[in-house]
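Here is the naming used below: chain letters follow the sequence lines, and residue numbers restart at 1 for every chain.
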Amino acid sequence: MTQVRTRFAPSPTGFMHLGGVRTALYNYLFAKKMGGKFILRIEDTDQERFVEGATEVIYDTLKACGMNWDEGPDVGGDYGPYVQSERKSLYLPYAQELVKKGAAYYCFCTKEELDERRSAAEARGEVFKYDKHCLRLSQEEIQRKLDAGVPYVIRLNCPTEGESSYDDVVFGHIAFPNSDLDDMVLIKQDGMPTYNFANVIDDHLMGITHVMRGMEYLSSTPKYNLLYNAFGWEIPQYIHLTTVMRDAQHKLSKRDGDAYYSDFISKGYLTEALINYLALVGWNPGTDQEFFTMDELIDAFDIHRLNNSPGIFDVTKLDWMNSQYVARMDADKYLEMAKPWFDRELAGKNIDYRRLAELMQSRTDIFSRIPEKIRFLAELPDYDTAIFFNKKQKSDESVAREVLPLLLPVLEGIGEWTEQNIHDTVMVAIPTWGKKNGQVLWPMRIAISGQESTPGGAFEIAYLLGREETLRRIGVALEKLGR
RNA sequence: GCCUCCAUUGUCUAGAGGCCUAGGACGCCGCCCUCUCAAGGCGGAAACAUGGGUUCGAAUCCCAUUGGGGGUGCCA
């Protein structure tokens with residue numbers, strides 16, 4: 001049995017889209033699962049779309065995700081080069097071979113006149129299909145134009161009758177009428193191969209056994225097979241992947257805001273969570289397990305469990321999954337990652353980050369939401385004293401007016417300002433005032449935080465704030481309460 | 001328009017003719033825990049798009065309808 005070889009073949013046109021990350025992931029998982037090779041190939045045949053630095057983004061993203069390619073532009077391999085623009089000279093001879101075999105032909109029609117005919121056809125509500133005009137040119141005429149240096153493209157000569165079909169691993173048997181096949185361009189006027197052509201040539205030359213890619217190629221695959229057959233090459237296994245959607249009718253795209261890997265990372269998502277979640281949109285292990293390390297994914301992965309209906313990317317579930325990863329993080333690691341986010345609000349303030357981290361870890365879904373949750377520590381929000389009311393805690397403004405002044409001397413009298421000391425001292429005092437815990441702790445927490453819900457209770461917050469600020473805030477509360 | 005693919009709760013999905021009075025997860029709701037919010041524990045509501053077949057029996061097979069996706073480029 002030949003070794004499995006898969007490939008991820010992105011175009012360096014910008015950032016790494018999450019759909020692309022998922023495609024790369026499935027290719028990687030399958031190759032590793034089968035003990036095969038995962039190849040990275042850069043498809044930059046469209047020079048107009050080339051974006052500086054985009055290749056590096058691809059490298060960095062794949063690396064960050066732990067998808068290490070066995071062969072590629074930077075690491076090399078036996079089938080290089082792995083950048084299509086560097087392979088440019090290699091494609092034309094293959095196209096010429098096809099011409100010789102009658103499977104392809106030179107076409108001298110200009111882009112402009114084709115565009116015109118295309119829009120005219122569209123205006124009539126018809127599908128434009130190249131009419132094989134240049135296929136009827138005589139050998140002499142072709143040679144004359146070639147010699148005269150008339151610009152040309154090379155087109156595939158598709159059959160017009162019958163049916164083309166193939167078997168896809170996820171979609172099963174797929175058939176298309178040949179009458180719909182358009183004679184696609186193989187070599188562009190600039191001498192560069194089209195994606196359609198370079199892709200087939202390279203997949204074959206690089207020994208790709210399984211082609212895993214987006215389902216937008218589902219309908220052009222018969223034409224690729226025509227190419228393989230014309231050359232007498234073995235057709236690879238096709239595994240077409242469904243689209244990752246934003247909602248039922250739109251795919252996840254940059255226009256929707258955040259579809260790039262980097263967007264999610266800068267928002268404070270963990271790569272592991274993102275990968276884990278992405279793996280599950282369109283694939284499932286057949287068990288109830290939903291948390292996977294990369295190694296576990298490799299172990300569980302099975303192309304036969306790939307889904308054939310599009311999946312919506314549910315950020316809410318991603319958030320939950322991310323929060324689970326955050327919760328399981330090592331405390332030191334969490335502190336390290338949270339610190340920059342703490343700093344956004346608390347830089348320069350004398351706050352115990354370690355303790356804050358302990359309180360925040362179970363309350364963090366994505367890191368970018370930390371600042372809003374801890375802002376009150378930096379600055380007491382303006383609040384309505386109505387929030388001193390809490391039915392369940394039997395607290396209201398008058399209870400606050402009564403209890404807060406009592407608290408002041410008690411807090412002042414605490415020796416070392418530790419959470420334990422604050423807790424013990426206040427808990428001892430509460431019964432002596434004839435109050436319920438909630439009647440003291442609710443007003444206290446409201447007074448020092450200025451908000452109804454906080455990460456942590458009164459003792460934790462008082463500790464973080466420090467004695468001075470705690471007392472000051474209680475003073476502010478008493479003023480607000482008119483005392 | 002033409003070609004083609006898809007169709008289970010709001011979402012990701014399990015389900016490959018009887019195991020389904022449809023399972024799991026997110027979200028939602030309730031309860032417990034609790035000085036709030038989280039976390040955690042427990043419980044609940046929520047789906048086989050529609051219509052025809054096939055079959056003793058259909059979420060599972062076939063057809064149509066509807067809805068949605070993709071393709072229809074000298075883009076990839």
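- Comment: A:K480 engages A:D382 in a salt bridge, judged by a side-chain N to carboxylate O separation of less than 4.0 angstrom.
- Looking at the side chain of A:R445, the nearest of the listed nucleotides B:A39, B:A76, B:C35 is B:C35.
- Listed candidates were B:U72, B:G69, B:A38. Nearest to the side chain of A:V127 is B:U72.
- Across the P atoms, B:G69 and B:C29 are found 31 Å apart, a figure rounded to whole Å.
- When distances are taken from the side chain of A:Q249 to each of B:G69, B:G70, B:C12, the shortest belongs to B:G69.
- Listed nucleotides B:A25, B:G70, B:U4 differ in distance to A:W320; the shortest reach to its side chain belongs to B:A25.
- Note on A:G311: only backbone sugar-phosphate atoms sit closer than 4.0 angstrom, heavy atoms only; bases stay farther off.
- Using a 4.0 Å heavy-atom criterion, one finds that A:R213 contacts no nucleic acid atom at all.
- Nearest to the side-chain atoms of A:F171 among the listed nucleotides B:C5, B:C3, B:G71 stands B:C5.
- A:Q189 comes within 4.0 angstrom of a nucleotide base, judged by non-hydrogen atoms across all strands.
- On the P atoms, B:U21 is 38 Å away from B:A38, given to the nearest whole Å.
- One C1' atom belongs to B:A49, the other to B:U66, and the distance between them is 8 Å to the nearest Å.
- Not one side-chain nitrogen or oxygen of A:T194 sits closer than 4.0 Å to the OP1 or OP2 atom of B:C75.
- At a threshold of 4.0 Å, the pair A:D131-A:R117 counts as salt-bridged, since one of the basic side-chain nitrogens sits closer than that to a carboxylate oxygen.
- Side-chain N/O atoms of A:R118 include one lying less than 4.0 angstrom from OP1 or OP2 on B:C74.
- Heavy-atom contacts from other residues, nucleotides or ligands closer than 6.0 Å to CZ of A:F15 number 12 or fewer.
- Relative to the side chain of A:N308, the nucleotides B:C6, B:G71, B:C74 differ in distance, and B:C6 lies closest.
- Spacing between B:G23 and B:G44 at atom P, rounded to whole Å, works out to 11 Å.
- Side chain A:S362 to base B:A38: a donor-acceptor pair is found below 3.5 Å.
- For A:K129, the NZ atom sits in a packed shell: over 12 heavy atoms of surrounding residues, nucleotides or ligands are nearer than 6.0 Å.
- Within 4.0 Å (heavy atoms only), A:T110 reaches at least one base atom of the nucleic acid.
- The nucleotide whose nearest atom lies closest to any side-chain atom of A:S11 is, among B:C6, B:C35, B:A76, B:A76.
- Counting non-hydrogen atoms of other residues, nucleotides and ligands closer than 6.0 Å to NZ of A:K132 gives a total above 12.
- Sparse packing is recorded around CD of A:E379, with 12 or fewer heavy atoms of other residues, nucleotides or ligands lying under 6.0 Å away.
- Comparing the P positions of B:C5 and B:C48 gives a spacing of 26 Å, expressed to the nearest Å.
- Residue A:E290 has its side chain nearest to B:A25 when only B:C35, B:A25, B:A7 are considered.
- Side-chain N/O atoms of A:Q324 include one lying less than 4.0 angstrom from OP1 or OP2 on B:G40.
- The nearest whole Å value for the distance from the CG atom in A:D44 to the C1' atom in B:A76 is 11 Å.
- In terms of polar N and O atoms assigned as donor or acceptor, the side chain of A:K317 comes within less than 3.5 Å of the base of B:A25 in a complementary pairing.
- Looking at A:K392, its side chain comes within 3.5 Å of the base of B:U34 through a donor and an acceptor atom.
- A close approach under 4.0 Å does not occur between any side-chain nitrogen or oxygen of A:Q451 and OP1 or OP2 of B:U36.
- Here the nucleotide nearest the side chain of A:D288, chosen from B:G24, B:A38, B:C3, is B:G24.
- Distances shorter than 4.0 Å separate some side-chain N or O of A:K188 from OP1 or OP2 on B:A76.
- The number of heavy-atom neighbours closer than 6.0 Å to CD of A:E372, taken from other residues, nucleotides and ligands shown, is above 12.
- Around CD of A:E52, the count of heavy atoms belonging to other residues, nucleotides or ligands within 6.0 Å does not exceed 12.
- Within 4.0 Å (heavy atoms only), A:Y217 reaches at least one base atom of the nucleic acid.
- Distances from the side chain of A:E460 to the nucleotides B:A76, B:U36, B:C35 place B:C35 closest.
- The side chain of A:N437 places no N or O atom within less than 4.0 Å of a non-bridging phosphate oxygen (OP1 or OP2) of B:U34.
- Looking at heavy-atom distances under 4.0 Å, A:N307 makes contact with sugar-phosphate atoms alone, never a base.
- Nucleic acid contact for A:A175: sugar-phosphate only, since backbone atoms but no base atoms lie under 4.0 Å from a heavy atom of the residue.
- Distance noted for atom P between B:U4 and B:A39: 49 Å (whole Å).
- A:A248 comes within contact range of the sugar-phosphate backbone alone, with a heavy-atom separation under 4.0 Å but no base atom that close.
- Not a single donor-acceptor pair, N or O on each side, falls under 3.5 Å between the base of B:U11 and the side chain of A:T316.
- Between B:A58 and B:G40, the distance separating the two C1' atoms is 42 Å to the nearest Å.
- Spacing of P atoms, B:A25 relative to B:G17, comes out at 26 Å, to the nearest Å.
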